[in-house]
Amino acid sequence: MFTLTIDQDNYTCQSGETVLDALLREEVNLSYACKKGTCHSCIVRSINEIPPKAAQSGLKDTLKIQNYFLACQCFPEQDMHIKLPDQSEFYRMGTVVINQLLNRSTILLVVAFEDAFEFNAGQFVNVQRSDGLTRSYSIANIPQQSNTLEFHIQRLAGGKFSAWLHDEVSVGDSIAVSEPRGHCFYIPERHDEGILLVGTGTGLAPLAGILTDALSQGHSGAIHLFHGSREVEDLYRIDEMRQLDELHSNFHYTPCLSGDQVPDGFAAGRVNDIVFSRFSDLKSWRVFLCGHPEMVNQMKKQAFLKGAAIRDIYADAFLLSSH
């Protein structure tokens with residue numbers, strides 16, 4: 001018999017009982033469906049201890065390393081401190097140190113914190129306004145001593161939050177940021193296997209962080225970054241990515257334009273069409289996708305059909321909803 005702690009509340013998990021069954025018996029509100037480890041509806045996180053291996057079966061490696069597990073498959077082997085997915089988030093106040101244009105519709109927003117902010121490059125956070133309005137944004141940089149988070153934020157038509165960040169937030173202002181979330185990040189393993197990064201618009205943000213992280217940790221396999229938009233004015237950091245392409249023999253950058261005007265040095269067409277005209281076999285590749293929902297959904301299916309394992313295709317859920 002073990003104790004399950006959620007926030008300040010303790011619950012008893014009896015011998016032979018799963019975490020899910022114990023919490024349901026104690027009338028704790030936790031989503032579930034199949035109870036067989038298939039649907040992943042009951043995924044929760046262990047705060048203090050590594051969960052039993054069987055409780056993590058079928059999860060992506062980036063979830064396992066953060067101690068996520070399936071409550072319906074977990075027979076505790078010790079007391080556990082658990083965080084539920086619907087628990088209230090903890091927000092920290094940061095200070096805006098940079099707010100400047102990256103292109104005609106996108107700003108670079110950099111927020112600094114007094115204490116260390118732990119995250120993995122490519123994860124996302126929720127940013128909250130004083131009136132409670134909240135939006136999710138990917139982190140574009142890797143952890144560094146300056147304790148800063150970098151965001152690339154596009155002005156959206158009718159977007160109250162993006163307009164606020166573009167027009168009203170200035171250097172020196174305070175801003176509330178949640179703890180990091182998401183499983184779309186690089187794990188330093190399989191150094192010699194390929195990584196495919198595909199994004200549109202500000203989808204470059206998490207991909208840039210993942211790229212920087214992989215290169216800094218000595219990834220030796222091929223890394224391909226495809227960044228797409230309709231017009232060249234809506235891409236950004238082109239020169240920086242081309243310089244990285246020249247510096248690293250295993251990194252290859254392809255800016256893609258789907259509009260009518262395609263200058264030299266750019267690939268013509270939709271980014272997913274360009275990718276799969278060049279890749280016929282993605283077996284053993286890790287695939288990271290970020291950007292327009294239609295592109296992400298289509299790319300996930302195409303990457304799987306080209307041989308990429310489901311566990312190796314990464315796209316955080318919040319990216320599939322407009323904000």
Side-chain angles (χ1 to χ4, degrees), residues 98-110 121-127 135-141 149-167 169 182 184-185 195-212 223-242 244-245 253-263 265-276 287-300 302-303 313-323:
I98 296 176
N99 186 337
Q100 63 187 35
L101 282 172
L102 286 169
N103 62 25
R104 61 184 179 181
S105 62
T106 304
I107 58 170
L108 167 65
L109 185 76
V110 179
Q123 287 190 294
F124 68 92
V125 295
N126 290 329
V127 180
R135 295 294 183 265
S136 301
Y137 294 108
S138 291
I139 303 170
N141 60 304
L149 299 183
E150 175 183 317
F151 306 102
H152 304 164
I153 299 172
Q154 182 181 12
R155 182 192 294 274
L156 301 178
K160 295 180 180 179
F161 204 92
S162 61
W164 172 65
L165 291 173
H166 275 249
D167 301 333
V169 172
C184 194
F185 58 86
I195 294 177
L196 176 62
L197 308 167
V198 184
T200 57
T202 52
L204 179 64
L207 303 182
I210 293 167
L211 168 65
T212 304
I223 305 174
H224 287 265
L225 169 61
F226 293 81
H227 185 205
S229 190
R230 181 169 179 78
E231 300 175 337
V232 67
E233 291 83 4
D234 293 317
L235 293 179
Y236 58 94
R237 296 209 161 159
I238 299 171
D239 292 340
E240 178 182 330
M241 292 302 158
R242 284 176 171 163
L244 286 175
D245 190 321
Y253 168 63
T254 305
C256 309
L257 298 174
S258 60
D260 296 331
Q261 302 297 321
V262 182
F266 296 81
R270 297 197 309 170
V271 65
N272 53 312
D273 294 332
I274 293 169
V275 168
F276 291 112
V287 181
F288 296 87
L289 308 171
C290 187
H292 192 280
E294 182 181 344
M295 182 279 292
V296 170
N297 283 329
Q298 188 173 2
M299 283 286 300
K300 287 169 73 174
Q302 290 176 303
I313 302 174
Y314 299 89
D316 277 323
F318 89 91
L319 299 170
L320 305 183
S321 60
S322 63
H323 56 279

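Position 1 is the first residue of the sequence, and the numbers go up from there.
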I want to know whether H227 and Y253 have ring centres closer than 6.0 Å.
no

Ring of F266, cation from R242 - is the NZ or CZ under 6.0 Å from the centre and inside 45° of the axis?
yes

Could you check if a side-chain atom of E294 sits within less than 4.5 angstrom of a side-chain atom of N272, using non-hydrogen atoms only?
no

Is atom CD of Q261 surrounded by more than 12 heavy atoms (other residues, nucleotides or ligands) closer than 6.0 Å?
no

Check: Q154 main-chain N/O paired with T202 side-chain donor or acceptor under 3.5 Å:
no

Check the pair S258 / D273 against side-chain contact (heavy atoms from CB on, under 4.5 Å), numbers first and verdict last.
CA-CA 10 Å; S258 60; D273 294 332; over 6 Å; no

Spatial distance of atom CD (Q123) from atom CD1 (I210) [nearest 0.5 Å]
10.0 Å

Given 3.5 Å as the limit, does a donor-acceptor pair link the side chain of N99 with the main chain of L165, or not?
yes

Any chance you could measure F185, atom CZ, to S138, atom OG, to the nearest 0.5 Å?
13.0 Å

Evaluate whether atom CG of D167 has more than 12 neighbouring non-hydrogen atoms of other residues, nucleotides or ligands under 6.0 angstrom away.
yes

At what distance, to the nearest 0.5 angstrom, does CZ of F288 lie from CG of L211?
11.0 Å

Distance from S105 atom OG to E233 atom CD, nearest 0.5 Å?
10.5 Å

Considering only heavy atoms from C-beta outward, does the side chain of L149 approach that of Y137 to under 4.5 Å?
no

For a 4.5 angstrom cut-off between non-hydrogen side-chain atoms, does R270 reach Q298?
yes

Heavy-atom closest pair (N141 atom, E150 atom, distance to 0.1 Å) is OD1-N, 2.7 Å

Non-hydrogen atoms of A208 and M241 that approach each other most closely
CB-CE, 4.1 Å

Please round to the nearest 0.5 Å and tell me the distance separating atom CZ of R104 and atom CG of D234.
4.0 Å

Do T106 side-chain atoms and H152 backbone N/O form a donor-acceptor pair below 3.5 Å?
no

Is any side-chain heavy atom of C290 closer than 4.5 Å to one of P206?
yes

If you define the side chain from C-beta out and look only at heavy atoms, does anything of I223 sit under 4.5 Å from L197?
yes

With side chains defined as the heavy atoms from C-beta onward, is the minimum distance between F151 and I139 less than 4.5 Å?
yes

Nearest heavy-atom contact between G269 and C256 is O-CB, 4.1 Å

Criterion side-chain contact (heavy atoms from CB on, under 4.5 Å) on V127 and L109, from CA distance to verdict:
CA-CA 12 Å; V127 180; L109 185 76; 6.0 Å; no

What are the two closest heavy atoms between T200 and H292, and how far apart are they?
OG1-N, 2.9 Å

If you round to the nearest 0.5 Å, how far is CG of L204 from CG of L235?
8.5 Å

Measuring only between side-chain heavy atoms, which start at C-beta, is R237 closer than 4.5 Å to L102?
yes

At their closest point, which heavy atom of V296 faces which heavy atom of L289, and how far apart are they?
O-CD1, 3.8 Å

Can you confirm whether L244 sits close enough to T212 that some side-chain heavy atom of one is under 4.5 Å from a side-chain heavy atom of the other?
no

Indicate the atoms forming the closest heavy-atom contact of V271 with G199, along with that distance.
CG2-O, 4.4 Å

Assign the ring pair F226 / H224 to parallel, tilted or perpendicular, where the plane angle (0 to 90°) is split at 30° and 60°.
parallel

